[in-house]
Amino acid sequence: MKLLPAFGAVALGAILSTPAGACSICRCGDPTFNALGKEGVSLTGLRLAFDWDQVEKTQGSPDEDFDKLREQRITLLAAYGISDRVSVFARIPYSTRELTETEDGESEHTRHSGLADPEVYGQVQLWHSAFDAQVGVRSSLFAVAGVKTDWGENDATSDGERLDEHVQAGTGSTDWFGGLSGSYQIDRRSALFASAQYRHTGRNDVGYQYGRIQLFNVAYEHKIGTRWDAVLEANYRTAQHDQVDGAGTLDPNTGGSITYLTPRLLFDVGNGWVLRASAQLPLSDSGLNGQQDEKAVVN
């Protein structure tokens, strides 16, 4: 993929996890690779990315009581490469959530917008192969670690009552995460990328704890002509149940595992800006706990 001194992304598409979402509605994929590409994670200087996405899922039985949750999110990613080995990142999301709760044939609709939980993290190159005259550095391995803050809004109310946990823009908890990522340059036009990450979720002030998450991603990237790039990813997520109170009571319709296939297309507009669009397609949600249905995602 072409090296860019600054990387901006204007989101395309009409419907859409980053992993920044709560486990009940969390996303698959690697947000840094999605925003900056394989080589963008190791560039020096300032890079910016701007995303719009939407995710939707249902929990419970459509024949009985069920919830339908939709989130639209706008996220700013700011990245600064101190050197080709060390980079720091900040992700600032703004969320709009809509929850429709249906019980005994009666539906109640709730909508709320607010600042979601910002993330701050760093990345360090652990190893890279010797310089190759054909492709440059062929292989690299990075470690990443950071924190999802509790700075998002988690105390929204209506008529004096706290809104449902899943309508809150932020989770109200501090979460720690870490992982590894690596890349391999096949030739001048093609490369592989892979990453694995664990996210250790905390408990918020009302006792809710979203399920702890493991994420695995593999991507193949190929340059098409001088201005187009295509990426095909496999994204896997496995998560524990959410705990609804301090006693550890589990929500049976949360957590489990799911795999997505994600094609992405990128277009180099020029002057350091890139447009990108992706569709995250669930291959199977049979591994999800209880009764859950996750929809396709576009970013």
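- Closest heavy-atom contact between Ser87 and Arg47: OG-NH2, 4.0 Å.
- The salt bridge (Lys or Arg N to Asp or Glu O under 4.0 Å) search around Asp293 returns Lys295, not counting sequence neighbours.
- If you run side-chain hydrogen bond (donor to acceptor under 3.5 Å, both in side chains) between Asn299 and each of Arg276, Gln280, Arg264, Arg73, only Arg276 comes through.
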Decide yes or no on side chain to side chain contact (heavy atoms under 4.5 Å, CB included) for Leu283 and Tyr260, but give the supporting numbers first. CA-CA 5 Å; Leu283 295 181; Tyr260 286 89; over 6 Å; no

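- By the 4.5 Å heavy-atom criterion applied to side chains, Thr96 and Ile74 are not counted as neighbours.
- Of the charged side-chain nitrogens involved, none lies within less than 4.0 Å of a carboxylate oxygen, so that Asp175 and Arg199 do not count as a salt-bridged pair.
- Closest of all the heavy-atom pairs between Gly202 and Gln209 is O-CG, 3.4 Å.
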List the steps and the verdict of side chain to side chain contact (heavy atoms under 4.5 Å, CB included) for Phe89 and Val144. CA-CA 10 Å; Phe89 306 86; Val144 61; 5.8 Å; no

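- Rounding to the nearest 0.5 angstrom, the gap separating the CG atom in Leu163 from the CD atom in Glu153 is 8.5 Å.
- Checked by atom type, the side-chain pair Gln59/His166 shows no donor-acceptor distance below 3.5 Å.
- Checked by atom type, the side-chain pair Gln134/Asp132 shows no donor-acceptor distance below 3.5 Å.
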Can you check side chain to side chain donor-acceptor pair (under 3.5 Å) on Ser257 and Thr238, steps first, answer last? CA-CA 4 Å; Ser257 59; Thr238 182; 5.0 Å; no

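- In this structure, Ile213 and Arg237 approach most closely via the heavy-atom pair CG2-CG, 3.7 Å.
- The side-chain contact (heavy atoms from CB on, under 4.5 Å) test applied to Asp187 returns Arg189, Ser190, not counting sequence neighbours.
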Side chain to side chain contact (heavy atoms under 4.5 Å, CB included) between Leu99 and Asp67: does it pass, once the steps are laid out? CA-CA 7 Å; Leu99 175 65; Asp67 296 341; 3.9 Å; yes

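- Under the 3.5 Å distance criterion, with hydrogens and angles disregarded, a donor-acceptor pair is assigned to the side chains of Arg162 and Asn154.
- Ring planes of Tyr198 and His200: tilted class, angle from 30 to 60°.
- Defined by atom type and a distance below 3.5 Å, a donor-acceptor pair is missing between the side-chain atoms of Ser181 and Ser195.
- Between the side chains of Arg97 and His112, no donor-acceptor pair is found at a separation under 3.5 Å.
- The minimum heavy-atom distance linking Gly152 with Asp117 is given by the pair N-OD1, 2.9 Å.
- For the pair Gly136 and Phe131, the tightest heavy-atom approach, listed with the atom from each and the gap, is CA-CE1, 3.5 Å.
- Looking at Glu119 and Lys148, no side-chain N of the basic residue comes within less than 4.0 Å of a carboxylate O on the acidic one, giving no salt bridge.
- Here Asn289 pairs with His241, Gln292 under the side-chain contact (heavy atoms from CB on, under 4.5 Å) rule; sequence neighbours left out.
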Check the pair Phe193, Val231 against side chain to side chain contact (heavy atoms under 4.5 Å, CB included), reporting the backbone distance first and the verdict last. CA-CA 10 Å; Phe193 172 87; Val231 179; over 6 Å; no

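- For the side-chain hydrogen bond (donor to acceptor under 3.5 Å, both in side chains) with Thr100, the lone residue among Arg111, Lys68, His109 that qualifies is His109.
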